Amino acid sequence: MGGEKGAPTSHGPAAPPPPVVAPSAPPSMPMPMPMPPTAVVFGDVHQHNPPHEQLPNLQFCLHSNPSWPEVFALAFQHYIVMLGTIVMLASFLVPQMGGNNGDKARVIQTLLFMSGINTLLQTLIGTRLPTVMNSSFAFVIPVMSIIRDFSSRAYRDEHQRFVHTMRAIQGALIISSLTNIFLGYTKLWDKLFRFCSPVTIVPVVCVVGLGLFERGFPQVGKCVEIGLPVLILLILLAIFLQQVRHGNERAYFVLERFQIIFAVKIVWAFAAILTAAGAYNHVPEKTKMHCRTDRSYLISSAPWIKVPYPFQWGTPIFAASHIFGMIGAVLVSAIESTGAHYAAARLAGATPPPAYVLSRSIGLQGIGMFLEGIFGAAAGSTASVENVGLLGLTRVGSRRVVQISTGFMIFFSIFGKFGALFASIPLPIFAAVYCILFGLVAAVGVSFIQFANNNSLRNLYILGLSLFLGISVPQYFNEFTASAGHGPAKTNAGWFNDILNSIFSSSPTVALIVAIVLDNTLEARSTVSDRGLSWLIPFNRRDARNDEFYSYPIKVHEFIPSRFLH
């Protein structure tokens with residue numbers, strides 16, 4: 001070694017060879033410790049990829065705002081994205097209730113109006129995150145039970161059956177909403193989520209997105225010629241954006257933030273051309289319903305001006321079986337919202353929502369469902385996963401954008417003809433957009449694993465089992481229901497069946513149950529650091545970093561006792 005080029009020669013050939021690294025190391029630098037090759041590799045990876053509490057590529061975070069023209073354009077895009085879920089839900093439920101096209105238009109208006117009110121409340125005094133509150137498919141199971149109950153009775157006409165069904169849904173929502181109010185404002189939800197670590201958060205947030213796969217490509221496949229072009233166009237835009245980023249900055253930012261509006265407008269116009277050209281004149285009726293732009297009948301049946309008002313369908317009908325069945329859906333919506341809030345906080349550049357913030361959010365969500373019952377909504381609400389995904393797609397997590405979007409929701413819910421124009425967009429177009437947005441939310445869930453030890457076999461076991469069962473168990477329940485006409489839980493107590501079927505048909509709920517039980521029982525005491533609790537626990541306390549994102553906009557301590565706020 002002494003004669004090697006560049007090495008000192010003063011030692012002479014008879015001297016003991018020095019360590020390999022010693023001669024080449026500058027005197028002012030510490031001598032590196034000899035380590036096994038594998039340790040060096042993993043150490044380098046960790047050094048160059050440290051955990052990031054905030055995503056580095058966000059253009060605007062929670063309390064920073066684009067220019068006002070961009071705010072309004074982004075807010076309108078949020079309105080378009082959330083509208084698809086409401087139309088899907090109303091199009092599925094209202095015909096089975098016996099309602100006509102006019103009834104469907106009024107249900108859509110009511111759901112849209114309440115989404116605007118509840119979103120505004122959540123962004124002001126709830127989590128204060130940029131999450132849109134939207135109608136939840138978790139309520140389909142108890143609502144279908146109410147529909148079956150009233151279908152067996154005699155009515156003067158189908159519209160009367162529809163009205164009675166809506167009144168029963170109103171009554172069930174009003175009483176069952178007290179569940180979330182109780183869980184939130186008694187801090188039980190706070191205590192539950194203090195048991196959660198990043199190992200629990202990962203599967204819950206992941207399946208919040210992955211569990212909605214039935215609203216993605218299966219819906220696209222119902223009209224491939226208009227659904228698939230939207231999906232392909234959005235992917236091509238993502239590729240094209242990288243090519244124009246350095247050549248034309250203005251074009252890059254416009255396309256990046258409004259790519260969904262561009263894709264929807266182009267393919268919607270294409271669908272209108274196919275409809276006008278007679279491409280769907282001689283196809284099955286189902287194909288017409290999904291492909292044609294004139295088969296929703298919403299524009300012709302929606303009123304010009306109609307303000308949703310309390311008890312618009314009549315006096316609520318209260319039945320114990322309906323109320324208990326609805327409680328299962330209320331619990332599921334709370335868990336789905338919690339998962340969506342974690343994802344929204346990460347995409348908005350905020351700290352993870354503390355348990356006490358989640359608790360007050362669930363309490364306020366219960367108040368929102370109470371209002372939905374009073375105003376006659378056909379289903380309760382939850383945090384919109386698709387709008388959370390939109391935060392990541394546009395890289396704009398501004399709270400102001402979502403608050404302005406509530407103005408579009410309320411405006412188009414009152415001026416029905418204008419709202420019906422956008423509600424008539426074929427559903428496969430919405431479904432193609434959701435393929436991108438749901439996938440983004442699932443990927444955000446994966447990112448939480450960086451705060452735990454992702455080389456721990458114990459953690460990998462919990463993640464794998466909760467992810468798999470979170471998708472597999474609801475799939476079994478849904479397939480059983482589709483083939484047998486009822487869920488696997490079938491006893492003489494219909495309300496008990498609805499609770500079990502609702503809970504185990506929800507991917508986030510199953511994933512949370514499996515993950516939280518295993519994470520707090522399987523080597524829980526000896527793996528505190530591996531679970532990532534050292535990172536998460538400070539945020540669940542009164543951390544000053546949280547106040548920047550979750551404090552109230554005004555000094556409400558002067559009006560509300562502090563025990564209800566923290």
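Here the structure is a predicted model, which means the values were calculated and not measured.
- Around the CZ atom of Phe504, the shell of radius 6.0 Å holds no more than 12 heavy atoms that belong to other residues, nucleotides or ligands.
- Looking at Asn454, its side chain never comes within 3.5 Å of a backbone N or O of Gln450 through a donor-acceptor pair.
- Between the side chain of Asn501 and the main chain of Ala489, a donor-acceptor pair closer than 3.5 Å is present.
- Relative orientation of the Trp535 and Phe539 rings is perpendicular, given thresholds of 30° and 60° on the angle between their planes.
- The list of salt bridge (Lys or Arg N to Asp or Glu O under 4.0 Å) pairs with a residue in residues 201-225, not counting sequence neighbours, reads Arg215-Glu386.
- A donor-acceptor pair is defined here as one N or O able to donate and one able to accept, closer than 3.5 Å; no such pair exists between the side chain of Ser551 and the backbone of Glu548.
- Between atom NZ of residue Lys191 and atom CG of residue Leu183 there is a gap of 11.5 Å, rounded to the nearest 0.5 Å.
- Using a distance-only test at 3.5 Å, with no hydrogens or angles considered, no donor-acceptor pair links the side chain of Ser506 to the main chain of Ile503.
- Ring pair Phe76/Phe408 is perpendicular by interplanar angle, where above 60° counts as perpendicular and below 30° as parallel.
- A 4.5 Å side-chain heavy-atom check between Pro130 and Leu391 finds at least one atom pair inside the cut-off.
- The line from CG of Leu121 to CE of Met114 is 8.0 Å long, rounded to the nearest 0.5 Å.
- The shortest heavy-atom contact between Val517 and Thr521 is O-OG1, 2.6 Å.
- Here the shortest heavy-atom pairing between Ser502 and Ala138 reads OG-O, 4.4 Å.
- Side-chain contact between Ile323 and Trp495: absent, with no pair of heavy atoms (C-beta onward) separated by less than 4.5 Å.
- Using a distance-only test at 3.5 Å, with no hydrogens or angles considered, a donor-acceptor pair links the side chain of Arg128 to the main chain of Thr123.
- In this model, no donor atom of one side chain and acceptor atom of the other lie less than 3.5 Å apart for Ser381 and Gln365.
- In the model, Thr382 has a side-chain atom that pairs as donor or acceptor with a side-chain atom of Ser337 under 3.5 Å.
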Worked verdict on Leu212 versus Tyr434 for side-chain contact (heavy atoms from CB on, under 4.5 Å): CA-CA 9 Å; Leu212 299 172; Tyr434 294 163; over 6 Å; no
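- Considering only heavy atoms from C-beta on, Ser456 stays 4.5 Å or farther from Thr527 through its side chain.
- Heavy atoms only, all atoms of each residue included: Gly339 and Val208 are closest at CA-CG2, 4.0 Å.
- Annotation: the span from Leu371 atom CG to Ser177 atom OG amounts to 8.5 Å, rounded to 0.5 Å.
- Counting heavy atoms from C-beta outward, Asn546 and Val357 have side chains that stay 4.5 Å or more apart.
- Leu55 has its side chain within reach of Leu58: a pair of non-hydrogen atoms, C-beta onward, lies under 4.5 Å apart.
- The backbone N or O of Gly216 lies less than 3.5 Å from no partner atom in the side chain of Gln219, so there is not a single donor-acceptor pair.
- Residue pairs meeting the salt bridge (Lys or Arg N to Asp or Glu O under 4.0 Å) criterion with at least one partner in residues 510-524, sequence neighbours excluded, are Arg458-Asp519, Asp519-Arg531.
- Scanning all heavy atoms of the two residues, the minimum distance from Val224 to Pro229 falls at O-CD, 3.3 Å.
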Val385/Leu437 under side-chain contact (heavy atoms from CB on, under 4.5 Å): CA gap, chis, key distance, verdict: CA-CA 8 Å; Val385 179; Leu437 302 181; over 6 Å; no
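- Of the possible polar contacts, none joining the Ser91 side chain to the Met88 backbone as a donor-acceptor pair under 3.5 Å is found.
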Steps toward side-chain hydrogen bond (donor to acceptor under 3.5 Å, both in side chains) verdict (Asn497, His486): CA-CA 9 Å; Asn497 300 337; His486 58 79; over 6 Å; no
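- Considering all non-hydrogen atoms of both residues, Ala379 and Leu89 come closest at CB-CD2, 3.8 Å.
- The CG atom of Leu533 sits 12.5 Å away from the CZ atom of Arg194 when rounded to the nearest 0.5 Å.
- Asn459 approaches Asp530 most closely through the heavy-atom pair ND2-O, 2.9 Å.
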Worked check of side-chain contact (heavy atoms from CB on, under 4.5 Å) between Tyr79 and Thr406: CA-CA 8 Å; Tyr79 160 72; Thr406 63; over 6 Å; no
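- Of the residues Val94, Leu93, Val87, the one that meets the side chain to side chain contact (heavy atoms under 4.5 Å, CB included) test with Lys104 is Val94.
- Side-chain atoms of Asn387 come within 3.5 Å of backbone N or O of His78 as a donor-acceptor pair.
- A side chain to side chain contact (heavy atoms under 4.5 Å, CB included) with Ser333 is found for exactly one of Thr509, Asn180, Thr338, namely Asn180.
- The closest donor-acceptor contact from the side chain of Ser359 to the backbone of Gly184 lies under 3.5 Å.
- Between His63 and Phe549, the two ring planes are parallel [angle under 30°; tilted spans 30° to 60°].
- How far CD1 of Ile146 is from CZ of Arg148: 10.5 Å, rounded to the nearest 0.5 Å.
- Between Phe430 and Thr85, every side-chain heavy-atom pair lies at or beyond the 4.5 Å cut-off.
- Checked by atom type and distance alone, the side chain of Gln122 pairs as donor or acceptor with a backbone atom of Thr127 at under 3.5 Å.
- For the pair Val220/Phe217, a side-chain contact is recorded, criterion being any heavy-atom separation below 4.5 Å from C-beta on.
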Worked check of side-chain contact (heavy atoms from CB on, under 4.5 Å) between Ser384 and Met133: CA-CA 6 Å; Ser384 172; Met133 302 303 293; over 6 Å; no
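- Within the model, atoms CD1 of Ile335 and OG of Ser507 stand 11.5 Å from one another, a figure rounded to the nearest 0.5 Å.
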CA sep, side-chain torsions, deciding dist, call: His341, Ser361, side-chain hydrogen bond (donor to acceptor under 3.5 Å, both in side chains): CA-CA 9 Å; His341 291 324; Ser361 166; 3.2 Å; yes
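- When side chains are defined from C-beta on, Ile436 counts as touching Leu393, because their heavy atoms get closer than 4.5 Å.
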